[in-house]
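Below: one structure, written as C-alpha cells.
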Amino acid sequence: MMRCISAIGLSSLLLLGAQLVQARPESRAMIARHQLSACMSRQMSLDKMLSYNEALRTCKQRLQPPKDTLAANAPTGPGTSH
C-alpha cells in the first residue's frame, strides 16, 4: 500500500515538473508593466501628496532610456537603408 501511494506521489511530482519546464517566460511587456507598477507604488508611498498621474509620468521617464541613446543604437553608414 505504501509503495502505491509513493508511486502516485512521485508520478504527480514528475508531471508537475514537466509542466513547469514548459511554462512560457513572461513577455517583455509584462515585465515592463510589473516594473512600472512597482515604481509607482514606491513613488506614491514615499510622497503621499503625489498623484497617480505624476507617479506614472515620473516612472515612465525613469524606466525609458534617453532618446539620444536610442538614436545612437541605430545603424548608420552607406550600407544601411530603411
Side-chain angles (χ1 to χ4, degrees):
M1 183 68 175
M2 251 344 239
R3 274 187 157 167
C4 183
I5 293 173
S6 62
I8 292 172
L10 181 62
S11 62
S12 64
L13 285 176
L14 288 174
L15 289 174
L16 179 64
Q19 288 178 351
L20 290 176
V21 170
Q22 292 177 353
R24 290 185 182 170
E26 289 189 22
S27 67
R28 287 186 182 188
M30 285 299 290
I31 293 171
R33 187 176 298 154
H34 287 297
Q35 287 177 341
L36 183 63
S37 176
C39 176
M40 289 178 63
S41 298
R42 198 174 23 224
Q43 290 293 321
M44 289 190 293
S45 67
L46 289 174
D47 186 3
K48 301 294 183 190
M49 298 300 293
L50 190 66
S51 73
Y52 177 88
N53 291 333
E54 290 171 340
L56 179 66
R57 192 176 312 114
T58 302
C59 290
K60 277 188 175 181
Q61 288 174 352
R62 188 171 291 168
L63 293 175
Q64 288 179 349
K67 294 196 185 301
D68 59 347
T69 305
L70 294 175
N73 292 339
T76 57
T80 58
S81 62
H82 291 265

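Each residue takes its place number in the sequence, starting with 1. Below, each value reflects all heavy atoms present in this structure, side chains not excepted, and no hydrogens, waters or symmetry copies.
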Report task. Run through the side-chain heavy atoms of Ile, Leu, Val, Met, Phe, Trp and Tyr, join any pair under 4.5 Å, and report what else lands in L46's cluster. Result ->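 Members alongside L46: none; it stands by itself.
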Expected list for residues 50-62: side-chain donor-acceptor pairs under 3.5 angstrom, two or more places apart:
unit_1 : atom_1 : unit_2 : atom_2 : d
S51    : OG     : E54    : N      : 3.2
E54    : OE1    : S51    : N      : 3.2
T58    : OG1    : E54    : O      : 2.8

Query raised in the report: Just by distance, do the side chain of S37 and the backbone of R33 share a donor-acceptor pair under 3.5 Å?
Result: no
Report task. Sequence neighbours left out, what passes side chain to side chain contact (heavy atoms under 4.5 Å, CB included) with L63? Give chain and number order. Result ->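 In terms of side chain to side chain contact (heavy atoms under 4.5 Å, CB included), with neighbours along the sequence ignored, L63 is linked to Q35, L36.
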